[in-house]
Amino acid sequence: MELLTIGAFARVSRLSPKALRLYDELALLRPARVDPGTGYRYYAVGQLGRARLVAWLRRLGMPLAEIRAVCALEPGEAAREIGAYWARVEAETAMRRDLAAFLVDQLTGTLDTSGREPMMMLELKHSARTDRGLVRPANQDALYAGRRLLAVADGFGPAGLAASGAAVAALRYLDEAETLPLDGELGVLGALEDAVRAAGAAVADLAGGTKEDGTTLTALLWTGSRLALAHIGDSRAYLLRGGELYRITQDHRVSPQELLLSKALGGGVDPVPDLRLQEPLEGDRYLLCSDGLTEAVPDARIRELLVAGSGPRELVAAALAAGAPDNVTCVVADMAVATG
């Protein structure tokens, strides 16, 4: 077996010796031989394929934990995981791009309103439903549907119900105050992020710093002209517009096939939610739901139900008909012209 020194292997693999030593420590790319006297590493020529894959995945920006998982897969499965990772990157980039464009418009006063029809006064009409499902012994989902705040939380762990309830409760002040404590639309996102961080602190107190207990949280805050969205975990928000269904959140999972979350409230980690602003149109329908719906009912069926005017009752019924292995929670909101 032909062996290369770590320096020679670094040159041909386009990985630095420092990176190779790190990947050895992480069991991502072990050397073929380590000299017992000097500790010097040697690599086999046959390891170049894996090394080059690692190098390219690092250039994509993939985290080391995901690279390890991808390298353990067969080529076809690895290709699907890379495609799924890049889809997440594009979705997150698009969300940041929209936010950046909005900030530029707000800060420069160049928001172009020419050619637009006069803005109609819209209001948020909503309904909500939650169900234990057919398998779980208890319902650890929590929801809130008020005059301007909608929220869904899906708790996990022994204290999951308390975690989801605490997360939703931490946001309620945004709905209960006479006026929003905000300074323009930039303040909407700041206030919503502050509320999510407060929710994270409340959940962390319940969890006692462990990773066993936590919750997802997806929330919409209506300002009277726009909707602010905050999201962390794998509950989801959808928009039905013009008969087409769009998912406007990205699941924070380690991989699409695993239920293990890469981000959630709890675990002693300061939460960093996804944030965005939505400009609603008359006739828009928004759906917030826990993964008990989306794991049981495909998006195509969800779209059919929403197009037909169905609400949370029918969506939960569809999940129950499909076996409902998890708790199911849905909030549906319609943007309608204000009646007075």
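Note that the structure is predicted; figures quoted are calculated from it, not measured. Keep in mind that the numbers below use all heavy atoms, side chains included, and drop hydrogens, waters and symmetry copies.
- In this structure a side-chain-to-backbone donor-acceptor pair under 3.5 Å is present from Glu314 to Gly311.
- Side-chain atoms of Tyr238 and Ile248, non-hydrogen and from C-beta on, never get closer than 4.5 Å to each other.
- Distance CG/Leu229 to CG/Leu192: 7.5 Å, rounded to 0.5 Å.
- Thr294 is not listed as a side-chain neighbour of Asp251, based on a closest heavy-atom distance of 4.5 Å or more.
- Using a 4.5 Å cut-off on side-chain heavy atoms (C-beta onward), Cys330 and Leu287 make contact.
- Counting only heavy atoms from C-beta outward, the side chains of Pro31 and Phe9 never approach each other to under 4.5 Å.
- Looking at Thr329 and Thr130, their side chains do bring a donor and an acceptor atom within 3.5 Å of each other.
- Here the CE-CD distance, from Met335 to Gln278, works out to 11.0 Å after rounding to the nearest 0.5 Å.
- When all heavy atoms of Asp175 and Arg148 are compared, the pair lying nearest together is OD1-N, 2.7 Å.
- Ser235 pairs with exactly one of Asp141, Thr218, Asp154, Thr216 by the side-chain hydrogen bond (donor to acceptor under 3.5 Å, both in side chains) rule, that one being Thr216.
- Atom CZ of Arg33 has more than 12 neighbouring heavy atoms from other residues, nucleotides or ligands inside a 6.0 Å radius.
- For the residue pair Ala170 and Ala199, the shortest heavy atom distance occurs at CB-CA, 3.5 Å.
- Expressed to the nearest 0.5 Å, how far CD of Glu279 lies from CG of Leu122 amounts to 10.0 Å.
- Looking only at distances, no side-chain donor or acceptor of Gln140 sits under 3.5 Å from a matching main-chain atom of Ala163.
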Side chain to side chain contact (heavy atoms under 4.5 Å, CB included) evaluation trace for His231 with Arg276 = CA-CA 9 Å; His231 167 72; Arg276 69 180 295 170; over 6 Å; no
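- For Arg301, the side chain to side chain donor-acceptor pair (under 3.5 Å) partners two or more places apart in sequence, or in a different chain, are Glu304.
- Under a hydrophobic-cluster definition in which Ile, Leu, Val, Met, Phe, Trp and Tyr are linked whenever side-chain heavy atoms come within less than 4.5 Å, directly or via other members, Val203 and Leu171 are assigned to the same cluster.
- Under a hydrophobic-cluster definition in which Ile, Leu, Val, Met, Phe, Trp and Tyr are linked whenever side-chain heavy atoms come within less than 4.5 Å, directly or via other members, Leu149 and Val196 are assigned to the same cluster.
- Salt bridge Arg21/Glu25: absent, no basic N to carboxylate O contact under 4.0 Å.
- No donor-acceptor pair under 3.5 Å is formed between the side chain of Arg303 and the backbone N or O of Val307.
- The line from CG of Leu3 to CD of Gln47 is 8.5 Å long, rounded to the nearest 0.5 Å.
- Residues Leu15 and Val45 share a hydrophobic cluster, clusters being chains of Ile/Leu/Val/Met/Phe/Trp/Tyr side chains in contact below 4.5 Å.
- Within the 4.5 Å cutoff, the side chain of Tyr286 has no heavy atoms near those of the Leu150 side chain.
- Side-chain contact of Asn327 with Ser290: a donor-acceptor pair under 3.5 Å is absent, judged by distance alone.
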Test log, rule side chain to side chain contact (heavy atoms under 4.5 Å, CB included), inputs Asp213 and Leu206 = CA-CA 8 Å; Asp213 301 300; Leu206 286 170; over 6 Å; no
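- At a threshold of 4.5 Å between non-hydrogen side-chain atoms, the residues Leu217 and Pro273 do not count as touching.
- Smallest separation of non-hydrogen atoms from Asp274 and His252: OD2-NE2, 2.8 Å.
- In this structure, the separation between CG on Asp35 and OG1 on Thr5 is 12.5 Å, given to the nearest 0.5 Å.
- Heavy-atom minimum distance, Leu174 versus Ala195: CD1-CB, 3.8 Å.
- Closest approach of Leu29 to Ala51, counting heavy atoms only: CD2-CB, 3.8 Å.
- Taking CZ of Arg52 as the start and CG of Leu57 as the end, the distance is 14.5 Å to the nearest 0.5 Å.
- A donor-acceptor contact shorter than 3.5 Å is absent between the side chain of Tyr40 and the backbone of Ile6.
- Tyr246 and Leu281 are members of different hydrophobic clusters when ILVMFWY side chains are connected at heavy-atom separations under 4.5 Å.
- Of all heavy-atom pairs between Ala151 and Leu288, the closest is N-CD1, 4.0 Å.
- There is no path of hydrophobic side-chain contacts, each under 4.5 Å, that joins Leu22 to Val34.
- Between Leu64 and Val54, every side-chain heavy-atom pair lies at or beyond the 4.5 Å cut-off.
- No side-chain donor-acceptor contact under 3.5 Å links His126 to the backbone of Arg147.
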Go through the steps for Val328 and Val297 under the test side chain to side chain contact (heavy atoms under 4.5 Å, CB included), then give the verdict.
-> CA-CA 11 Å; Val328 188; Val297 184; over 6 Å; no
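- In this structure, Arg14 contributes its side chain and Ala55 its backbone to no donor-acceptor pair below 3.5 Å.
- Contact check for Glu77 versus Glu81: no side-chain heavy atoms found under the 4.5 Å cut-off.
- For Arg236 (side chain) and Asp291 (main-chain N/O), no donor-acceptor pair under 3.5 Å exists by modelled atom type.
- In the model, Tyr43 has no side-chain atom that pairs as donor or acceptor with a side-chain atom of Arg41 under 3.5 Å.
- Using a distance-only test at 3.5 Å, with no hydrogens or angles considered, no donor-acceptor pair links the side chain of Glu66 to the main chain of Pro63.
- Side chain of Arg58 to backbone of Met62: a donor-acceptor contact under 3.5 angstrom is found.
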Would Leu220 and Val331 satisfy side chain to side chain contact (heavy atoms under 4.5 Å, CB included), going step by step from the backbone distance to the final call?
-> CA-CA 11 Å; Leu220 282 173; Val331 180; over 6 Å; no
